[in-house]
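So that the names make sense, note that chain A is the first sequence line, chain B the second, and so on, each numbered from 1. No experiment lies behind these values; they were computed from the predicted model shown.
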2 protein chains.
Amino acid sequence: MAPGGSESGFRGPQVCSIVGITYRQLDYWARTDLLRPSLAEARGSGTQRLYSYSDLLELKVIKQLLDAGVHLREARRAVACLREGGDDLATANLVLVGGGTLLARSGEEIVDLLRGGQGVFNIVPLAGVVDELDAAIVAFRSAPGDEPVRRQTAPGATGDLTGGAALPRAAGES
Amino acid sequence: MAPGGSESGFRGPQVCSIVGITYRQLDYWARTDLLRPSLAEARGSGTQRLYSYSDLLELKVIKQLLDAGVHLREARRAVACLREGGDDLATANLVLVGGGTLLARSGEEIVDLLRGGQGVFNIVPLAGVVDELDAAIVAFRSAPGDEPVRRQTAPGATGDLTGGAALPRAAGES
DNA sequence: AGCCTGTCTGACACCGGCGTAACTACTCGG
DNA sequence: CCGAGTAGTTACGCCGGTGTCAGACAGGCT
């Protein structure tokens, strides 16, 4: 298989090493409707799933939530909110409050929520997630089966990431 | 300072109905060293555990975290941080970031963390926790065996929340 | 076609976090 | 001193989420 050749999406094992999850997790999440591949689903043994760039982004968010000790049930709600979220995700923060999810654009918005709300807030800064994901993709393309951690090159040089799904990187994070 | 402090503390089943957890949870948490009663531990069948007011506060924080879908492992770290915190917990926010815990006194502090941090933030406004806990204690004393398990949407209009029983609420909430 | 390799699939097992149900031990009123 | 009630303890099992492993299958290569 050619690591730099086909641009038609990402297959299961590729997704696993890019996002940093196990194949069992990816499979379980696809079977339980947490996140199914948007480009092509498996139709039996031997076929292959194809994930888009935005799929990877959602998977990365899920992994971050799991690493932070958040339950998969909350991750399901987060994914649902991300899909409605629109296009400029890199500058927003995903906020989970008891029973609801929303995208906060500014820090002051979060402070307002903290003042009035009772309950626990789970907040995911999406800019960092996008950064990590792009760096992991670039590292994977340069060395698919080797050391995954490489220096962070500007992903804008790669042109098209996955056709039409690539998000333009915003510069500032504040 | 603590409601109910005039007596010798809170016993297991009382704690369960005040905090809103099951006896099995309380027992499991005591056995796995998440939170052991600080006043008296069980020394065999028939004896009884005695929990202090600050025990109840920690238990309430744990329950809030669980309700928000946070794993028990994170709750263990949160408890450790709460014990190191000062006395004025009611004005602070408990913040869990990947691998670390801290108490943030102001909203701006949280915004600063959000700017630079990469990872998921779990934030617990402790003022709301104290409110709910005091209200539950007052409700329990007026109707010890009557009150069913109340939902998270505390009535709040109980009136004499701070009537000689609760901690003095210092900071405005909105 | 036959082989090889990569990928999906199914069955089994494991562990954390409890629920349920018995059992046990202490306390209290009489 | 004895029965009732209460509270802690043990035993067993369930369920969600994964690791492990063997098996099934598509597609490319010879």
Please tell me which of A:Gly44 and A:Tyr23 maps to the more 5' nucleotide of DNA chain D, matching each residue to the nucleotide holding its nearest heavy atom.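 The residue whose closest nucleotide sits nearer the 5' end is A:Tyr23.
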Comparing A:His71 and B:Arg31 on DNA chain D - which has the more 5′ nearest nucleotide: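 Checking each residue's closest nucleotide, the 5'-ward one belongs to B:Arg31.
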Just so I know, are the side chains of [X] and [Y] near enough to count as touching, which here means a heavy-atom distance under 4.5 Å?
{"X": "B:Arg83", "Y": "B:Leu35", "answer": "yes"}
{"X": "B:His71", "Y": "A:Val70", "answer": "no"}
{"X": "B:Leu65", "Y": "B:Val61", "answer": "yes"}
{"X": "A:Tyr53", "Y": "A:Leu133", "answer": "yes"}

Is the base of C:dT20 touched by the side chain of B:Arg24 through a donor-acceptor pair closer than 3.5 angstrom?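 Indeed, a donor on one side and an acceptor on the other fall under 3.5 Å apart.
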Could you state the [atom1]-[atom2] distance from [X] to [N], rounded to the nearest angstrom?
{"X": "B:Arg73", "N": "C:dG16", "atom1": "CZ", "atom2": "P", "value": "7 Å"}
{"X": "A:Glu41", "N": "C:dC8", "atom1": "CD", "atom2": "C1'", "value": "12 Å"}
{"X": "B:Arg49", "N": "D:dT6", "atom1": "CZ", "atom2": "C1'", "value": "14 Å"}
{"X": "B:Tyr28", "N": "D:dA7", "atom1": "OH", "atom2": "P", "value": "24 Å"}
{"X": "A:Arg11", "N": "C:dC8", "atom1": "CZ", "atom2": "P", "value": "9 Å"}
{"X": "B:Gln48", "N": "D:dG5", "atom1": "CD", "atom2": "P", "value": "18 Å"}
{"X": "B:Leu34", "N": "C:dG17", "atom1": "CG", "atom2": "C1'", "value": "11 Å"}
{"X": "A:Leu50", "N": "C:dT7", "atom1": "CG", "atom2": "C1'", "value": "11 Å"}

Of the nucleotides C:dG17, D:dT9, C:dT7, which has the atom closest to the A:Pro13 side chain?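 Within the option list, the nearest is C:dT7.
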Which nucleotide in the set D:dG23, D:dT18, D:dG8 lies at the smallest distance from any side-chain heavy atom of A:Ser45?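 Selected nucleotide (nearest to the side chain): D:dG23.
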Mind checking A:Thr32 for me? I need base, sugar-phosphate or nothing, with any heavy atom below 4.0 Å counting as a touch.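 Nothing: the residue A:Thr32, judged by heavy atoms under 4.0 Å, touches no strand.
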What is the nucleic acid contact for A:Leu66, judged by heavy atoms within less than 4.0 Å: base, sugar-phosphate only, or nothing?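 Sugar-phosphate, no base atom in range.
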Exercise: identify the closest heavy-atom pair between A:Tyr23 and A:Pro13: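 Answer, listing the atom of A:Tyr23 first, then A:Pro13: CE1-CD, 4.2 Å.
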